[in-house]
Amino acid sequence: MENYRLRFAPSPTGPLHIGGARSALFNYFLAKKHKGCFVMRMEDTDLERSNKASEKNIKDSLKWLGMDWDEGIDIGGDYGPYRQMERLDIYKEAIDKLLAEGKAYYCFCSEDDLTSEKEAQQQRGETPKYSGKCRNLTKEQQQELLDKGTPHVIRLNVPKGEQIVVHDLVRGDVSFETDGIGDFIIVKSDGIPVYNFAVVLDDVTMKISHIIRGEEHLSNTPRQIAVYNALGYDVPKFAHISLILGRDDEGKMTKMSKRHGSTSVVAYQQQGFLPEAIVNFLALLGWSPDGEEELFTMDELIKQFSLEKVSKSPAVFDIEKLKWINGMYIRKASAERLLEYGLPFLKKAGLVKRNPKMAEMIWAMMSIDALKNHITCFSELPDIINKYRSKVSYDDEVAAMVKENRETVMTVMNAMKAKLEEYKTLNSDTYKQILKEIKNETGIGGRDLFHTIRLAKTGEGEGPDLDKLAVIMGRDLMLERTKEFLTFAENI
RNA sequence: GGCGCGUUGGAGAAGUGGCUUAACUCACCAGCCUUUCACGCUGGCAUCCAGGGGUUCGAAUCCCCUACGCGUCACCA
């Protein structure tokens with residue numbers, strides 16, 4: 001029985017990206033499905049761009065989405081430490097070994113030389129790669145340059161004229177020529193190993209069994225395999241999942257980036273998306289379930305997920321679908337949760353005070369509940385409420401209704417006005433009572449009654465239940481709207 | 001430019017040689033349900049799988065070419 005150990009290894013150079021979250025999710029699914037281990041590690045060898053704030057953001061987002069790691073930063077584990085900068089001695093040992101065996105060598109070429117070399121190669125239409133100039137330096141020459149303190153890097157001596165085949169779980173066998181790779185750098189001039197080298201050591205020492213990551217890493221994989229080979233380690237199983245594409249301003253599909261608006265998990269969090277909706281949506285990006293159901297809890301996803309059902313073609317980030325999924329989860333959410341997620345938006349919009357009184361809280365709770373069937377994310381709440389509480393401008397549809405059905409409309413609305421003047425306070429039940437009374441007294445019911453009232457009060461044919469609308473608007477506003485409508489109708 | 005990957009409807013996407021008269025989901029349309037709206041339910045929505053050639057009794061599925069899209073070629077990860 002194979003021991004499943006998977007990992008998510010972001011670099012802390014920015015907030016958790018949607019694509020990163022999906023990679024993490026797929027790794028998490030597979031680990032949990034096989035009762036394995038989900039490791040969380042940080043690749044922070046880029047000193048310039050790495051920062052603690054990003055690390056925190058990534059951790060917070062992972063937790064918010066419900067991906068708790070079994071092993072890794074903060075909580076430790078048997079194969080730590082879990083930040084690359086804390087693992088330098090592990091890399092050093094491996095590098096010394098490679099150097100001693102002649103599988104790696106010092107390179108003293110200056111950056112300028114390298115750049116001009118690269119440009120020349122590109123002009124000739126060749127794949128730019130290192131010429132191997134320093135490969136044949138003698139021990140003495142090397143030592144001399146080292147003693148003089150010449151800046152240098154360390155390169156891997158990649159076998160020439162060979163083929164490296166990546167056995168990819170989603171794309172099948174993909175082969176690369178080592179000649180297209182060249183002797184790449186494994187240690188930078190500041191003495192810190194480069195990603196392609198460190199990642200291998202980490203995955204080996206942490207006993208990672210499967211590596212699920214974005215397709216952009218596919219062309220890196222042969223380099224990493226060259227490192228595994230040089231070190232004499234077994235290669236883990238790879239699975240490269242397709243990129244997430246977005247539509248840019250011109251409608252073209254490109255890799256999701258800043259050009260497509262929000263790309264970080266927090267951005268969606270702030271817009272009022274539910275974590276389970278994002279998890280569900282992300283799972284559907286490049287993976288498809290068996291049946292016709294598309295709404296899944298985390299547990300169901302873990303049970304259903306399999307790499308066989310992961311698609312090779314790029315996945316498109318469809319915000320409309322995300323909204324639909326989110327709307328479905330909002331409808332299912334409990335009143336407490338709705339309030340928890342919705343209230344901040346109402347406060348921000350000034351619809352509810354910072355420290356609301358009980359009555360305000362109740363109003364907020366009922367309003368959110370009334371609108372839960374009509375929103376796709378919580379940020380829509382204030383606009384809708386404001387719309388119902390501001391003056392209505394009646395359009396042609398309303399005018400047409402009045403013309404066609406003048407008598408009924410006037411009867412209903414006059415009765416409504418009378419009732420509202422009679423009832424000084426209003427709640428859901430009293431409003432239902434009013435509707436019933438109007439129906440009994442006028443003999444008008446059904447669509448003639450409900451649709452007329454809705455159109456008169458909101459100018460729209462669609463919206464929440466009328467008794468709930470009454471709570472959102474309140475009695476005074478409803479009376480005002482009713483009078484305004486009557487004036488409007490009389491002038492038609 | 002080299003290397004690598006992809007291309008199924010308005011959109012996402014299933015399908016890996018015959019069960020496909022191309023699932024399912026979103027959107028859209030029609031009907032039912034609901035005293036209204038929404039939810040839910042039922043039905044409609046690709047004569048066709050980027051284009052061309054080939055293999056085969058049979059291809060969206062295999063092979064070749066072309067086009068287009070994307071990724072990658074860093075002392076970034």
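In what follows, chains carry the letters A, B, and so on, assigned in the order in which the sequence lines appear, proteins first and then strands, with residues in each chain numbered from 1. Remember, it's a predicted structure, so these values are computed and weren't measured experimentally.
The NE2 atom of A:His240 sits 12 Å away from the P atom of B:U72 (whole-angstrom rounding).
A:Ser11 and A:Arg49 share no side-chain donor-acceptor pair at under 3.5 Å.
Qualifying side-chain contact (heavy atoms from CB on, under 4.5 Å) partners for A:Asn157, counting only residues two or more places apart in sequence or in other chains: A:Tyr105, A:Arg135, A:Lys160, A:Asp183. Residues meeting the side-chain contact (heavy atoms from CB on, under 4.5 Å) test with A:Ser110, sequence neighbours left out: A:Asp112, A:Asp113. With sequence neighbours excluded, the residues satisfying side-chain contact (heavy atoms from CB on, under 4.5 Å) with A:Glu437 are A:Lys419, A:Tyr423, A:Gln433, A:Glu441. Residues forming a side-chain contact (heavy atoms from CB on, under 4.5 Å) with A:Ser189 (at least two apart in sequence, or on another chain): A:Val153.
Below 30°, between 30° and 60°, or above 60°: for A:Tyr268 and A:Phe317 the angle between ring planes is between 30° and 60°, a tilted geometry. Classified by interplanar angle (parallel below 30°, tilted 30° to 60°, perpendicular above 60°), the ring pair A:Phe238/A:Tyr228 is perpendicular.
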Using the 3.5 Å cut-off, write out each protein N or O paired with an N or O of nucleotides 59-61 of chain B and the distance between them.
none

Under 3.5 Å, N/O pairs linking protein and nucleotides 5-8 of chain B:
{"unit_1": "B:C5", "atom_1": "O2'", "unit_2": "A:Arg171", "atom_2": "NH2", "d": "2.7"}

Any protein N or O atoms within reach of nucleotides 74-77 of chain B? Criterion: under 3.5 Å, listing atom names and distances.
{"unit_1": "B:C75", "atom_1": "O2", "unit_2": "A:Ser189", "atom_2": "N", "d": "2.8"}
{"unit_1": "B:C75", "atom_1": "O2", "unit_2": "A:Ser189", "atom_2": "OG", "d": "2.6"}
{"unit_1": "B:C75", "atom_1": "N3", "unit_2": "A:Ser189", "atom_2": "OG", "d": "3.2"}
{"unit_1": "B:C76", "atom_1": "OP2", "unit_2": "A:Lys188", "atom_2": "NZ", "d": "3.1"}
{"unit_1": "B:C76", "atom_1": "O2'", "unit_2": "A:Asp46", "atom_2": "OD2", "d": "2.7"}
{"unit_1": "B:C76", "atom_1": "O2'", "unit_2": "A:Arg49", "atom_2": "NH2", "d": "3.3"}
{"unit_1": "B:C76", "atom_1": "O2", "unit_2": "A:Arg49", "atom_2": "NH2", "d": "3.2"}
{"unit_1": "B:A77", "atom_1": "OP1", "unit_2": "A:Thr45", "atom_2": "OG1", "d": "2.8"}
{"unit_1": "B:A77", "atom_1": "OP1", "unit_2": "A:Lys188", "atom_2": "NZ", "d": "3.0"}
{"unit_1": "B:A77", "atom_1": "OP2", "unit_2": "A:Tyr195", "atom_2": "N", "d": "3.1"}
{"unit_1": "B:A77", "atom_1": "O3'", "unit_2": "A:Glu43", "atom_2": "OE1", "d": "2.8"}
{"unit_1": "B:A77", "atom_1": "O2'", "unit_2": "A:Ser11", "atom_2": "OG", "d": "2.8"}
{"unit_1": "B:A77", "atom_1": "N6", "unit_2": "A:Asn220", "atom_2": "OD1", "d": "3.2"}
{"unit_1": "B:A77", "atom_1": "N6", "unit_2": "A:Asn220", "atom_2": "ND2", "d": "2.6"}
{"unit_1": "B:A77", "atom_1": "N1", "unit_2": "A:Asn220", "atom_2": "ND2", "d": "3.2"}

Mind listing the N/O atom pairs, protein and nucleotides 31-36 of chain B, below 3.5 Å?
{"unit_1": "B:U35", "atom_1": "O2'", "unit_2": "A:Gly446", "atom_2": "N", "d": "2.8"}
{"unit_1": "B:U36", "atom_1": "O2", "unit_2": "A:Arg454", "atom_2": "NE", "d": "3.4"}
{"unit_1": "B:U36", "atom_1": "O2", "unit_2": "A:Arg454", "atom_2": "NH2", "d": "2.4"}
{"unit_1": "B:U36", "atom_1": "O4", "unit_2": "A:Asp465", "atom_2": "OD1", "d": "2.9"}

Here RNA chain B, pairs taken as Watson-Crick or G-U under 3.5 Å and shown with ( ), [ ] when crossing and | when to another strand, reads ((((((((.[[[..)..(.....]]].(((((.......))))).....[[[[[..)....]]]]])))))))....

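No side-chain heavy atom of A:Lys133 sits less than 4.5 Å from a side-chain heavy atom of A:Phe108.
Contacts with RNA chain B (heavy atom under 4.0 Å) in residues 320-328 of chain A: A:Lys321, A:Trp324, A:Met328, listed by number.
Within the structure, ring-ring contact (aromatic ring centres under 6.0 Å, His included) contacts touching residues 158-197 of chain A (residues at least two apart or in different chains) are A:Tyr195-A:His217. Counting only residues at least two apart or in different chains, salt bridge (charged side-chain N to carboxylate O under 4.0 Å, His left out) contacts with residues 312-328 of chain A comprise A:Glu294-A:Lys321.
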CA sep, side-chain torsions, deciding dist, call: A:Asn51, A:Thr13, side-chain contact (heavy atoms from CB on, under 4.5 Å):
CA-CA 6 Å; A:Asn51 59 277; A:Thr13 55; 5.5 Å; no

